[in-house]
Amino acid sequence: MISKNKFTAAWALLLVLFSGCYTFKDVSIPPEVKTIRINYIENKARYINPQLSPQLTDKLRQKINNQTRLTQVQTDDAHYDVSGTITGYTVSTAAISQQQASSNRLTVTIELSFKNNLDNTKDFEASVSRNFDFAATLSLQQAEAQLSETIIQNMVDEIFNRLFSNW
């Protein structure tokens, strides 16, 4: 009888703790938030990879659709409104061997804007940046072909975590 009461108390405690917000794989979204608008991620970097913007936008929309309960809309009255701009797409030398570049680094930077139309105190702007190293023997176009999936996946994960994780 005592163990049944403890089980009931533990279950009630869990319900109280988790009833205040929606949680899925470390995603925290208040229950009153129902809609999100993901605007097209523009590319304003000096060097423009023409595939990057549409792929980033599409993969971010897919991830949010698959990993949250939010409904995506294209109207101004969305509860969450997300915009992004690719501002950096640069290559630099990452390593030197025998007085020559042995590894190059592609750095992708996105300026992110998040608006919470239910609570403007939660609005923020942030810079999301990741580095991708590749052999110096490859041209940028060859490296892009090899790294494309990784770049998209990593940048989408960074943006998603910035939007929905409280860390």
Side-chain angles (χ1 to χ4, degrees), residues 21-30 33-76 78-96 101-167:
C21 64
Y22 168 77
T23 302
F24 181 73
K25 294 182 181 177
D26 297 331
V27 174
S28 180
I29 300 171
V33 176
K34 307 282 187 217
T35 59
I36 186 168
R37 178 169 70 174
I38 308 295
N39 295 293
Y40 183 77
I41 297 173
E42 295 183 50
N43 194 341
K44 293 186 176 177
R46 284 183 151 187
Y47 176 85
I48 294 179
N49 174 338
Q51 301 301 315
L52 192 57
S53 286
Q55 289 179 353
L56 274 172
T57 304
D58 186 50
K59 292 291 183 181
L60 181 60
R61 287 176 177 160
Q62 285 177 15
K63 184 167 181 113
I64 289 171
N65 191 47
N66 292 337
Q67 295 191 9
T68 72
R69 60 169 168 70
L70 298 176
T71 301
Q72 292 186 40
V73 297
Q74 292 300 319
T75 58
D76 291 338
H79 296 156
Y80 286 173
D81 194 359
V82 178
S83 300
T85 304
I86 301 167
T87 57
Y89 195 86
T90 59
V91 176
S92 60
T93 301
I96 296 175
S102 61
S103 178
N104 287 331
R105 175 168 294 154
L106 172 63
T107 303
V108 180
T109 305
I110 297 175
E111 298 297 325
L112 188 64
S113 174
F114 174 81
K115 293 186 180 182
N116 182 334
N117 292 321
L118 299 178
D119 181 2
N120 291 339
T121 63
K122 305 282 185 179
D123 293 358
F124 68 86
E125 292 186 359
S127 179
V128 177
S129 186
R130 292 292 295 255
N131 297 321
F132 305 92
D133 291 346
F134 59 94
T137 55
L138 298 175
S139 69
L140 178 56
Q141 290 74 26
Q142 290 170 322
E144 287 173 325
Q146 286 183 358
L147 295 171
S148 177
E149 256 184 59
T150 302
I151 292 169
I152 300 294
Q153 186 63 50
N154 288 354
M155 296 307 292
V156 166
D157 288 345
E158 286 284 329
I159 294 169
F160 186 87
N161 288 336
R162 183 68 80 155
L163 294 174
F164 298 111
S165 296
N166 295 322
W167 48 278

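Values below: every heavy atom of this structure, side chains too, minus hydrogens, waters and symmetry copies.
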Task: Closest approach of Arg105 to Ala94 (non-hydrogen atoms, all atoms of both residues) - done: CB-CB, 3.9 Å
- [ ] Step by step, work out the side chain to side chain contact (heavy atoms under 4.5 Å, CB included) result for Phe160 and Thr68.
- [x] CA-CA 10 Å; Phe160 186 87; Thr68 72; 4.0 Å; yes
Task: CD1-NZ distance between Ile151 and Lys59, expressed to the nearest 0.5 angstrom - done: 14.0 Å
Open item on the list: Check this for me: Glu149, atom CD, are more than 12 non-hydrogen atoms of other residues, nucleotides or ligands nearer than 6.0 Å?
Closed with: no
Task: Exercise: identify the closest heavy-atom pair between Val128 and Glu158 - done: CG1-CB, 3.3 Å
Task: Heavy-atom check, side chain of Met155 versus side chain of Leu60, under 4.5 Å - done: no
- [ ] Indicate the atoms forming the closest heavy-atom contact of Arg69 with Pro30, along with that distance.
- [x] NH2-O, 2.7 Å
TODO: For the pair Thr57 and Arg61, evaluate side chain to side chain contact (heavy atoms under 4.5 Å, CB included) and give the outcome as yes or no after the intermediate values.
DONE: CA-CA 6 Å; Thr57 304; Arg61 287 176 177 160; 3.5 Å; yes
- [ ] Kindly compute the distance separating NZ (Lys34) from CG (Leu70), expressed to the nearest 0.5 Å.
- [x] 9.5 Å
Task: Minimum side-chain heavy-atom gap Leu52-Ile152 below 4.5 Å - done: yes
- [ ] Run the numbers on Asn43 and Asn49 for side-chain hydrogen bond (donor to acceptor under 3.5 Å, both in side chains), then give the verdict.
- [x] CA-CA 8 Å; Asn43 194 341; Asn49 174 338; over 6 Å; no
Open item on the list: Between Thr109 (side chain only) and Ser129 (backbone N and O only), is there a donor and an acceptor less than 3.5 Å apart?
Closed with: no
TODO: Find the distance between OG (Ser102) and CD1 (Ile96) and round it off to the nearest 0.5 Å.
DONE: 8.0 Å
Task: Qualifying ring-ring contact (aromatic ring centres under 6.0 Å, His included) pairs, either residue in residues 104-128, two or more places apart - done: Tyr80-Phe114, Phe114-Phe124
Task: Nearest non-hydrogen partners of Asn154 and Arg130, listed with the distance - done: ND2-NH2, 3.7 Å
Open item on the list: Any side-chain to backbone donor/acceptor pair from Asp58 onto Pro54? Under 3.5 Å, distance only.
Closed with: no
Task: Value rounded to 0.5 Å, distance of CD1 in Ile36 from CD1 in Ile64 - done: 4.0 Å
Task: Any donor-acceptor pair under 3.5 Å from Thr35 side chain to His79 backbone - done: yes
TODO: First locate atom CZ of Phe134, then atom OG of Ser103, and finally report the distance between them rounded to the nearest 0.5 Å.
DONE: 8.0 Å
Task: Full working for side chain to side chain contact (heavy atoms under 4.5 Å, CB included) between Asn104 and Thr93 - done: CA-CA 4 Å; Asn104 287 331; Thr93 301; 4.0 Å; yes
TODO: With the side chain counted from C-beta on, respond yes when Val91 and Tyr47 share a heavy-atom pair under 4.5 Å apart, and no when they do not.
DONE: no
Open item on the list: If you define the side chain from C-beta out and look only at heavy atoms, does anything of Phe164 sit under 4.5 Å from Ile29?
Closed with: yes
TODO: Mind checking side chain to side chain contact (heavy atoms under 4.5 Å, CB included) for Gln153 and listing every partner two or more places apart, or none if nothing turns up?
DONE: Lys63, Asp157
Task: Inter- and intrachain pairs under ring-ring contact (aromatic ring centres under 6.0 Å, His included), touching residues 137-158, at least two apart - done: none
Task: Distance in Å, Glu125 CD paired with Glu111 CD, rounded so as to fall on 0.5 Å steps - done: 8.0 Å
Task: Side-chain donor/acceptor of Asp123 to backbone N/O of Asn116, under 3.5 Å - done: yes
Task: Min side-chain heavy-atom separation Ile110-Leu56 under 4.5 Å - done: yes
